[in-house]
Amino acid sequence: MAIPANAAATSLSFPVIHMEKLETEERGAAMEVIRDACENWGFFELLNHGISHELMDEVERVSKAHYAACREEQFKEFAARTLEAGEKGADVKDVDWESTFFVRHLPASNLADLPNLDHHYRQVMKEFASEIEKLAEKVLDLLCENLGLEEGYLKRAFTGSNGPTFGTKVSSYPPCPRPDLVDGLRAHTDAGGVILLFQDDQVSGLQLLKDGAWVDVPPMRHAVVVNIGDQLEVITNGRYKSVMHRVLTRPDGNRMSIASFYNPGADAVIFPAPALMGAAEAAGKNEGEEGTAEYPSFVFEDYMNLYLRHKFEAKEPRFEAMKVDAAPIATV
């Protein structure tokens with residue numbers, strides 16, 4: 001699949017959900033925004049989501065301080081090598097202009113084992129992860145309601161023998177003097193379930209691909225960006241779509257990105273929900289025709305192993321490859 005390099009479209013209204021409206025007479029309209037976002041954008045932003053602004057501000061403060069104290073010098077060495085190679089004519093489009101580390105929360109936390117994190121940072125990240133986990137599960141329940149699935153279906157679908165997999169990628173995208181040479185993060189879809197992003201509200205760069213054009217994901221103070229992963233596309237039998245997205249480099253500003261991935265357990269068997277296969281309208285069938293599964297069933301870990309080799313490629317060949325060794329469908 002060719003990925004366009006054109007500038008972002010600016011005429012589209014990015015979907016934003018004010019979560020307090022879900023508790024009012026405006027609930028129906030808010031749920032319709034979520035439905036349209038999941039089916040036609042793959043992304044939406046949440047405001048008034050219940051995570052305190054004070055906690056978010058502290059997460060931002062300690063994360064930026066940690067980069068400056070512990071990761072900036074190492075990144076500068078990488079940046080110098082990358083720029084030198086690119087300016088000599090080497091293709092550096094296969095690298096990402098980012099500094100990152102990963103915190104695993106479930107099924108077992110590695111927070112205590114990560115180097116160069118002080119006690120306060122660990123405590124702040126632990127509290128933030130707890131709040132994001134609760135919000136992710138609330139989002140999954142809203143998606144169940146929108147899809148007409150029984151309450152808790154998606155959470156159960158993600159549950160392997162040890163529960164779901166949940167972790168946070170903490171990233172910095174420092175200034176790049178040659179944005180034409182390298183991207184902050186190359187275009188890809190996310191492999192997992194539902195992703196919740198706390199991004200910098202001062203430095204932009206995240207874009208999604210919609211209708212052949214790159215669209216900015218607007219930075220908003222204290223918002224949480226939600227995007228659909230490949231596994232939700234499979235479970236919804238294609239009603240919801242994961243979409244290509246990327247991070248551009250900028251000549252000024254150091255963009256913070258804290259992305260939390262609420263994914264299936266490693267041994268969870270993923271397959272289209274029978275309720276969405278059987279509905280004629282959901283499966284794109286004429287009335288009276290039997291619905292079919294448009295996606296294979298597979299073990300999530302097997303998909304991840306394939307994804308790691310082909311992350312920056314189109315998702316469709318990955319789905320096709322999983323049909324070869326389709327896993328037996330279990331009852332959720």
Side-chain angles (χ1 to χ4, degrees), residues 12-51 132-159 164 166 189-197 208 210-211 215 217 220 223-243 245 260-264 268 270-285 287 291-295 300 315 319 331-332:
L12 299 174
S13 178
F14 194 88
V16 178
I17 293 90
H18 297 259
M19 290 193 73
E20 78 277 9
K21 293 183 178 180
L22 295 168
E23 308 302 325
T24 71
E25 66 278 1
E26 298 183 70
R27 180 181 179 86
M31 292 295 286
E32 175 59 21
V33 174
I34 294 174
R35 181 204 63 78
D36 178 70
C38 292
E39 293 182 7
N40 298 308
W41 290 77
F43 274 75
F44 54 91
E45 293 199 57
L46 297 176
L47 290 172
N48 303 317
H49 38 65
I51 301 177
I132 284 286
E133 181 184 357
K134 288 186 287 188
L135 181 58
E137 292 177 351
K138 185 172 184 177
V139 167
L140 289 178
D141 283 341
L142 291 171
L143 301 188
C144 282
E145 181 180 343
N146 244 327
L147 291 161
L149 297 172
E150 63 183 75
E151 185 177 356
Y153 181 92
L154 291 174
K155 183 178 179 181
R156 292 195 299 274
F158 284 13
T159 302
F166 176 51
T189 65
D190 287 326
V194 63
I195 298 86
L196 286 79
L197 168 68
L208 64 90
K210 178 172 171 57
D211 301 326
V215 179
V217 178
M220 300 179 68
V224 172
V225 179
V226 177
N227 72 282
I228 301 298
D230 293 349
Q231 306 312 300
L232 278 181
E233 179 168 336
V234 172
I235 294 170
T236 64
N237 205 29
R239 187 184 295 194
Y240 291 174
K241 301 290 187 183
S242 61
V243 300
H245 52 284
S260 296
F261 299 80
Y262 192 101
N263 291 344
I270 303 302
F271 56 91
L276 300 182
M277 289 192 286
E281 63 274 16
K285 302 293 182 181
E287 188 174 354
T292 57
E294 303 295 330
Y295 296 80
F300 177 60
K315 62 188 174 182
F319 293 146
T331 301
V332 175

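Basis for what follows: all heavy atoms, side chains included, without hydrogens, waters or symmetry-related copies.
The two atoms that bring Pro272 and Met277 nearest to each other are O-CE, 3.7 Å, heavy atoms only. The shortest non-hydrogen separation linking Gly229 to Ser242 is C-CB, 3.7 Å. The shortest heavy-atom contact between Ile228 and Ile195 is C-CD1, 4.4 Å. Closest non-hydrogen pair, Met31 versus Glu145, comes out as CE-CD, 3.6 Å. Nearest heavy atoms, Leu208 versus Trp41: CD1-O, 4.1 Å. Minimum heavy-atom separation, Glu294 to Asn237: N-OD1, 2.7 Å.
Considering only heavy atoms from C-beta on, Leu197 stays 4.5 Å or farther from Asn227 through its side chain. Phe319 places a side-chain heavy atom less than 4.5 Å from the side chain of Val234. Two residues are said to be in side-chain contact when any heavy atoms from C-beta on lie closer than 4.5 Å; Phe43 and Lys210 fail this criterion. Taking the side chain as every heavy atom from C-beta outward, Asp36 and Pro15 never approach each other to under 4.5 Å. Using a 4.5 Å cut-off on side-chain heavy atoms (C-beta onward), Tyr262 and Val139 make no contact. Side-chain contact between Asp190 and Asn263 is absent, with no heavy-atom pair separated by less than 4.5 Å. For the pair Ile34 and Val226, the minimum side-chain heavy-atom distance is 4.5 Å or more.
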Practice item. Check the pair Val217 / Glu45 against side-chain contact (heavy atoms from CB on, under 4.5 Å), numbers first and verdict last. Key: CA-CA 9 Å; Val217 178; Glu45 293 199 57; 4.0 Å; yes
Practice item. Starting from the C-alpha separation in whole Å, work towards a yes-or-no answer on side-chain contact (heavy atoms from CB on, under 4.5 Å) for Leu143 and Tyr153. Key: CA-CA 10 Å; Leu143 301 188; Tyr153 181 92; over 6 Å; no
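Rounded to the nearest 0.5 angstrom, Leu142 CG and Arg27 CZ are separated by 6.0 Å. Rounding to the nearest 0.5 angstrom, the gap separating the NE2 atom in His18 from the CG atom in Leu47 is 5.0 Å. Atoms CG and NE2, from Leu135 and His49 in turn, are 7.0 Å apart once rounded to the nearest 0.5 Å. Distance check: Arg239 CZ to Asn146 CG gives 9.0 Å after rounding to the nearest 0.5 Å. With values rounded to the nearest 0.5 angstrom, Tyr295 atom OH is found 7.0 Å from Thr236 atom OG1. Taking NZ from Lys241 and OG1 from Thr189, the interatomic distance works out to 12.0 Å, rounded to the nearest 0.5 Å.
Looking at Asp141, its side chain never comes within 3.5 Å of a backbone N or O of Glu151 through a donor-acceptor pair.
For the pair Glu32 and Arg35, the salt-bridge criterion is met [side-chain N within less than 4.0 Å of a carboxylate O].
Taking a 6.0 Å sphere around NZ of Lys155, one finds it holds 12 or fewer heavy atoms contributed by other residues, nucleotides or ligands.
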